[in-house]
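All values reported here derive from a predicted model rather than from experimental measurement. Only this structure's heavy atoms are used, side chains among them; waters, hydrogens and symmetry mates stay out.
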Amino acid sequence: VVDGGFLLAFATLDRGDGHAPRILVRLPLTALAEGRADLEPFVETLAQDGCWRAGLDPDAARLLMEDDASEMSVHFDPGRGEWIAVYGDPAGDAIWLRRAPRPEGPWSARIPLLRIPELARAEDPEAGEPFCYAGKAHPELAPSGELVVSYVCNLFTGPADPIAAVLERLRTTTSIYRPKLVRVPIPAE
């Protein structure tokens, strides 16, 4: 997102423990406008103390959201006067919403925005069962107080699964691997 004179980017932090919480980095818009090939000298990391630190510094980074989602959307809602993050939980069956007064936080606890109907299934998917991801909001498509949320479902396969049969189902089922759009109200706080 653009905020002031900076492009803010929410990034996932690979801690090496199987989890990837989100941190915040920024680049000055002037460096982007100049068309520089190497932007690394201009990157700053939001540190644990709330100050911006020069460079990409994962060890000093403030963890903004502990969730493991690799994709999300963040936008400012002028009607509500707050920042809203929307994302899917790759290990769950929901799309979540968080609020903050600023991109730097503090971010609220996650609030369920949408339960994904395709994922009313057992804990461990079997070959050919769906998994869904890429939950995002599209605020430009909805009136104030609502969001249009998108997500995508694909089919699970494991290393020993009959991949050919799953691929054939994916090829012939038009409701799979197509973006789904759902209009939902923004939940009360």
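Interatomic distance, Leu32 CG to Phe42 CZ, rounded to the nearest 0.5 Å: 9.5 Å. The structure places CH2 of Trp96 at 10.0 Å from CG of Leu113, a figure rounded to the nearest 0.5 Å. Considering CH2 of Trp52 and CG of Asp57, their distance stands at 12.5 Å, rounded to 0.5 Å. In this structure, CG on Leu13 lies 14.5 Å from CZ on Arg62, to the nearest 0.5 angstrom. Expressed to the nearest 0.5 Å, how far CZ of Arg110 lies from CE of Met65 amounts to 12.0 Å. Atoms CG and CG, from Leu97 and Leu114 in turn, are 11.5 Å apart once rounded to the nearest 0.5 Å.
A cation-pi arrangement is absent between Arg98 and Trp107 under the rule of less than 6.0 angstrom and at most 45 degrees off the ring axis.
Taking the side chain as every heavy atom from C-beta outward, Pro21 and Leu64 never approach each other to under 4.5 Å. Here the side chains of Val43 and Leu27 are in contact, with some heavy-atom distance below 4.5 Å.
A side-chain contact (heavy atoms from CB on, under 4.5 Å) with Arg183 is found for one member of Leu141, Val149, Leu147, Val148 and no other, namely Val148.
Heavy-atom minimum distance, Ala188 versus Arg99: O-NH1, 3.9 Å. Of all non-hydrogen atoms in Thr45 and Ala61, the two that sit nearest each other are CG2-CB, 3.7 Å. Closest approach of Cys132 to Tyr151, counting heavy atoms only: CB-CD1, 4.2 Å. Between Ala54 and Glu44 the shortest heavy-atom distance is CA-CG, 4.4 Å. Of all non-hydrogen atoms in Val152 and Pro179, the two that sit nearest each other are CG2-CA, 4.0 Å. The minimum heavy-atom distance linking Ile84 with Arg80 is given by the pair CD1-CD, 4.2 Å.
Under the 4.5 Å side-chain heavy-atom criterion for Ile, Leu, Val, Met, Phe, Trp and Tyr, Ile95 and Val182 are members of the same hydrophobic cluster. Linking ILVMFWY side-chain heavy atoms closer than 4.5 Å, directly or via other members, places Val86 and Trp83 in two distinct hydrophobic clusters. Under a hydrophobic-cluster definition in which Ile, Leu, Val, Met, Phe, Trp and Tyr are linked whenever side-chain heavy atoms come within less than 4.5 Å, directly or via other members, Leu29 and Leu8 are assigned to different clusters. In the hydrophobic clustering of this structure, Leu56 does not group with Leu46; members are Ile, Leu, Val, Met, Phe, Trp, Tyr whose side-chain heavy atoms approach within less than 4.5 Å, directly or through other members. Met72 and Ile111 fall into different hydrophobic clusters, where Ile, Leu, Val, Met, Phe, Trp and Tyr are joined by side-chain heavy atoms under 4.5 Å apart, directly or via other members.
Although no hydrogens or angles enter the test, the distance criterion places no donor-acceptor pair under 3.5 Å between the side chain of Ser150 and the main chain of Leu181. Remark: the backbone N or O of Gln48 is not paired with any side-chain donor or acceptor of Arg53 at under 3.5 angstrom.
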Apply side chain to side chain contact (heavy atoms under 4.5 Å, CB included) to residues Lys136 and Glu71 and explain how you reach the verdict.
CA-CA 8 Å; Lys136 296 177 186 70; Glu71 298 182 46; 2.4 Å; yes
Mind running side chain to side chain contact (heavy atoms under 4.5 Å, CB included) on Val1 and Phe76 for me, showing each step along the way?
CA-CA 9 Å; Val1 297; Phe76 183 73; over 6 Å; no
Step by step, would you call Val74 with Tyr87 a side chain to side chain contact (heavy atoms under 4.5 Å, CB included)?
CA-CA 9 Å; Val74 177; Tyr87 57 92; over 6 Å; no
Would you sort out whether Asp77 and Ile186 count as a side chain to side chain contact (heavy atoms under 4.5 Å, CB included), showing the intermediate values?
CA-CA 11 Å; Asp77 185 322; Ile186 295 176; 3.7 Å; yes
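Salt bridge status for Asp3 with Arg26: absent, with no side-chain N to carboxylate O gap under 4.0 Å.
Enclosure of atom CD in Glu140 by more than 12 non-hydrogen atoms of other residues, nucleotides or ligands within 6.0 angstrom is indicated.
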